[in-house]
Amino acid sequence: MPDDHQPVQRNNWVGPRGRFIGASGMVFTDQTAVDLYFENYWLTAPEPNDRVAVICIAWGMAMAYLQRGSGEGIWPVNPLGPNQIVVEDLGTYPERGEQMLPPHVRLAGAGTQAIHMINRVPVLGLRLPWHRRIALTRRKGEPLHYHRHEERVGHEAHVSPRIRDLNDEKSVHLTFDVLTLGTQIQNYRRIKSKKKRD
């Protein structure tokens with residue numbers, strides 16, 4: 001039986017040889033990603049399961065918390081969530097990346113506790129500031145499960161895309177031990193023509 005007080009393994013940064021599972025949009029406050037589960041979704045349903053929710057709480061800051069539920073029903077907040085996951089702050093990324101952030105974001109360490117109002121209810125979670133190397137694991141070292149969800153449409157607050165059906169050709173399930181989060185900055189390009197062209 002694992003020891004609850006076992007020290008957390010350090011240096012959990014997953015480098016370029018790790019599997020890229022995609023980028024989560026964290027530009028709009030209350031935008032939420034919920035595709036990481038404690039158990040295989042397809043083997044546990046309809047039994048309750050925990051999933052890691054990552055929500056944008058302010059520009060430059062996200063927060064991880066747990067939801068507990070099943071299927072496409074309501075997934076309420078699991079109040080014990082912050083005690084079941086470990087967030088490690090592995091330093092600035094890219095180098096001197098903190099210079100791009102306002103002071104209040106620079107001072108908030110990854111993994112420190114935060115409270116954010118979700119549907120008018122205060123929810124306790126762990127901070128995930130931008131421009132940091134961050135590793136997220138389960139406290140006792142058990143694996144996590146990634147299930148690909150459908151693409152997001154729009155930016156409605158607190159609305160998470162549904163999980164892809166098991167028989168969907170784009171359905172993906174991966175089992176892993178360490179999730180790392182980093183920040184990528186992108187510029188987008190758009191074009192427009194005033195005249196119709198061939």
Side-chain angles (χ1 to χ4, degrees), residues 2-38 50-68 77-118 121-147 158 160 174-186:
D3 179 7
D4 286 351
H5 303 290
Q6 183 177 348
V8 177
Q9 183 179 355
R10 300 295 170 194
N11 298 320
N12 275 327
W13 180 251
V14 179
R17 292 184 182 216
R19 174 95 184 242
F20 180 75
I21 61 170
S24 299
M26 288 287 129
V27 175
F28 301 93
T29 302
D30 295 330
Q31 192 169 352
T32 308
V34 290
D35 52 8
L36 307 174
Y37 295 79
F38 272 28
D50 286 295
R51 67 184 183 186
V52 179
V54 176
I55 184 170
C56 178
I57 61 175
W59 189 88
M61 185 69 63
M63 181 182 88
Y65 66 100
L66 288 193
Q67 297 175 333
R68 185 163 180 78
V77 173
N78 179 345
L80 302 176
N83 297 322
Q84 296 181 46
I85 56 176
V86 175
V87 172
E88 296 176 69
D89 189 336
L90 303 175
T92 305
Y93 185 80
E95 296 298 325
R96 299 187 200 75
E98 76 276 2
Q99 295 176 4
M100 301 178 229
L101 297 172
H104 70 281
V105 175
R106 275 185 262 155
L107 295 173
T112 56
Q113 291 189 345
I115 294 178
H116 183 66
M117 296 298 286
I118 299 176
V121 175
V123 173
L124 180 65
L126 302 176
R127 288 185 182 95
L128 305 171
W130 295 1
H131 299 292
R132 309 291 298 175
R133 292 178 186 254
I134 297 172
L136 186 148
T137 55
R138 289 180 65 179
R139 177 144 322 263
K140 295 182 183 179
E142 303 98 331
L144 286 156
H145 298 263
Y146 165 75
H147 289 282
H158 309 300
S160 303
L174 301 169
T175 304
F176 62 97
D177 299 305
V178 181
L179 170 76
T180 61
L181 298 105
T183 304
Q184 60 183 16
I185 302 172
Q186 296 172 306

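Numbering starts at 1 and runs along the sequence shown.
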His145 ring center near Phe38 ring center (under 6.0 Å): no
Exam field: side chain Arg51 to backbone Leu66, donor-acceptor pair closer than 3.5 Å: no
Close side-chain approach of Leu126 and Ile85, heavy atoms under 4.5 Å: yes
pair Asp89-Val87: side-chain heavy atoms closer than 4.5 Å: no
Beyond-backbone contact of Leu136 with Val86, side-chain heavy atoms, under 4.5 angstrom: no
Minimal non-hydrogen separation, Thr29 against Ala58, with atom names: OG1-CA, 4.4 Å
Minimum heavy-atom distance Ala108-Met61, with the two atoms named: CB-CE, 3.5 Å
Distance in Å, Leu36 CG paired with Asp50 CG, rounded so as to fall on 0.5 Å steps: 12.5 Å
Set of side chain to side chain contact (heavy atoms under 4.5 Å, CB included) partners for Val123, sequence neighbours left out: Met63, Tyr65, Val77, Ile118
His116 side chain reached by Ile55 side chain, heavy atoms, under 4.5 Å: yes
Thr175 side, atom OG1; His147 side, atom NE2 - distance, nearest 0.5 Å: 7.5 Å
Nearest atoms (heavy-atom pairs only) where Ala110 meets Pro129: CA-CD, 3.6 Å
Side chain to side chain contact (heavy atoms under 4.5 Å, CB included) between Val34 and Gln67, intermediate numbers included: CA-CA 9 Å; Val34 290; Gln67 297 175 333; 3.7 Å; yes
Close side-chain approach of Ile134 and Leu90, heavy atoms under 4.5 Å: no
Thr137 vs Leu144 side-chain heavy atoms within contact, under 4.5 Å: no
Donor on one side chain, acceptor on other, Arg139 and Gln84, under 3.5 Å: no
Steps toward side chain to side chain contact (heavy atoms under 4.5 Å, CB included) verdict (Trp59, Trp130): CA-CA 9 Å; Trp59 189 88; Trp130 295 1; 3.7 Å; yes
Thr32 side-chain N/O to Asp30 backbone N/O, donor-acceptor pair under 3.5 Å: yes
Sidechain-backbone polar pair: Arg127 side chain, Gly109 backbone, donor-acceptor under 3.5 Å: no
